[in-house]
Amino acid sequence: MILRPPAKINFTLDVGLPRTDGYHDIDSIFVAVDLRDELEIELGEGPVLPEDDLVMGALRLLDLTQAWTVRLTKNIPSQAGLGGGSSDAAAALIAGSHLLGRSRDILPDLALQLGSDVPFFLTGGAARCQGRGEQITSLPDLPETWFCLGKPDVGVATPEAFELLDAKPDRIPGSTTPQLLDILPDLQFSNDFLPFIFTRYPAVARTARLLMSAGANAILLCGSGSAVAGLCNNQGHAEGLAQAVANAGLWSAPVRTLKRSEWP
Ligand code: C5P
């Protein structure tokens, strides 16, 4: 069975103060985009991924004794805030449960055991994600919107990004998500990580400036970075920006938002 798990971007990302369990409540608009990995999963002995890959963790959660064949082609860069590893893990849950003839009802609980962003990728489309990320409210499909993704060579580890926020105890958590939900499908972006990540990783700020100077209409930070996305008018605009970013020696990709019917 072959699935093509997509990346996501965040139109908003409000981050609360640390909870007693160390996690942070978030309030975020997640939107799946058509940059996709390719994951092949079959029952029976064959090549697999390293044991510490989230895909293998997902398959172990489904069945500890089953032998699997797993092939993964990565197109979504890691440590970019694009959710690639989480999306692959959700795809493994979907494919594995299908092959084992198991109900999908068990998947949300398993997904959260794998990571805070994994439940969203069982849902896809556009969604408001709260709690650790597992409280999901599906949103109506947005009009197709094009972005250009750009990523510097640096990657951002998610735990470190949250630590940057916690190092400023007088920080006031953002609360823009409910307001920006009200104006959808008009687009405004906000992300509590942005000032912290731009300061700690100047290459991310430079990538954002590059996208703006190449003609992006607005910028958003993907998750806690290091990828940024520039809002574009259409596919041609996004492709032109991707070429400009690539010419500067950075990874880039033109992407469009996905409808719910396009994943999972
Ligand atoms: O859930 P996941 O394993 O992806 O989270 C990685 C790390 O990111 C956590 O260990 C935690 O430090 C941080 N995190 C958080 N609050 C969230 C999601 C992640 O503090 N809502």
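All values reported here derive from a predicted model rather than from experimental measurement. Each ligand, and each atom within it, is numbered from 1 in the order the structure gives. Only heavy atoms go into these numbers, but all of them, side chains included; no hydrogens, no water, no symmetry mates.
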Check your understanding: What do you reckon, are the aromatic ring centroids of Phe193 and Phe162 less than 6.0 Å apart?
Key -> yes
Worksheet item: Hey, are Arg256 and Glu262 close enough for a salt bridge, meaning a charged N less than 4.0 Å from a carboxylate O?
Response: yes
Mark the output for Asp117 as yes if a heavy-atom distance to ligand 1 is under 4.0 Å, and as no if none is. no
Counting from 1 in the order shown, the ligand 1 atoms closer than 4.0 Å to a non-hydrogen atom of Gly22 are 20 (O)
Can you tell me if Gly133 has a non-hydrogen atom under 4.0 Å from ligand 1? no
Under-4.0 Å salt bridge between Asp88 and Lys74:
yes
Heavy-atom proximity to atom 16 (N) of ligand 1 ranks first, among Glu160, His24, Glu163, for His24
Residue Gln188 excluded, over 12 heavy atoms near CD under 6.0 Å = no
Within 4.0 Å of some non-hydrogen atom of Thr158, the atoms of ligand 1 are 8 (O)
for atom 9 (C) of ligand 1, nearest protein heavy atom and its distance come out as Tyr23 CE2, 3.8 Å
If you scan protein heavy atoms around atom 19 (C) of ligand 1, the nearest is Phe162 CE1, 3.4 Å
Geometry only, no angles: is Ser116 polar-contacting ligand 1 at N/O separations under 3.5 Å?
yes
So the atoms of ligand 1 within less than 4.0 Å of a heavy atom of Arg132 turn out to be 1 (O), 21 (N)
Among Gly16, Gly223, Gly115, Ser28, the residue with a heavy atom nearest to atom 3 (O) of ligand 1 is Gly115
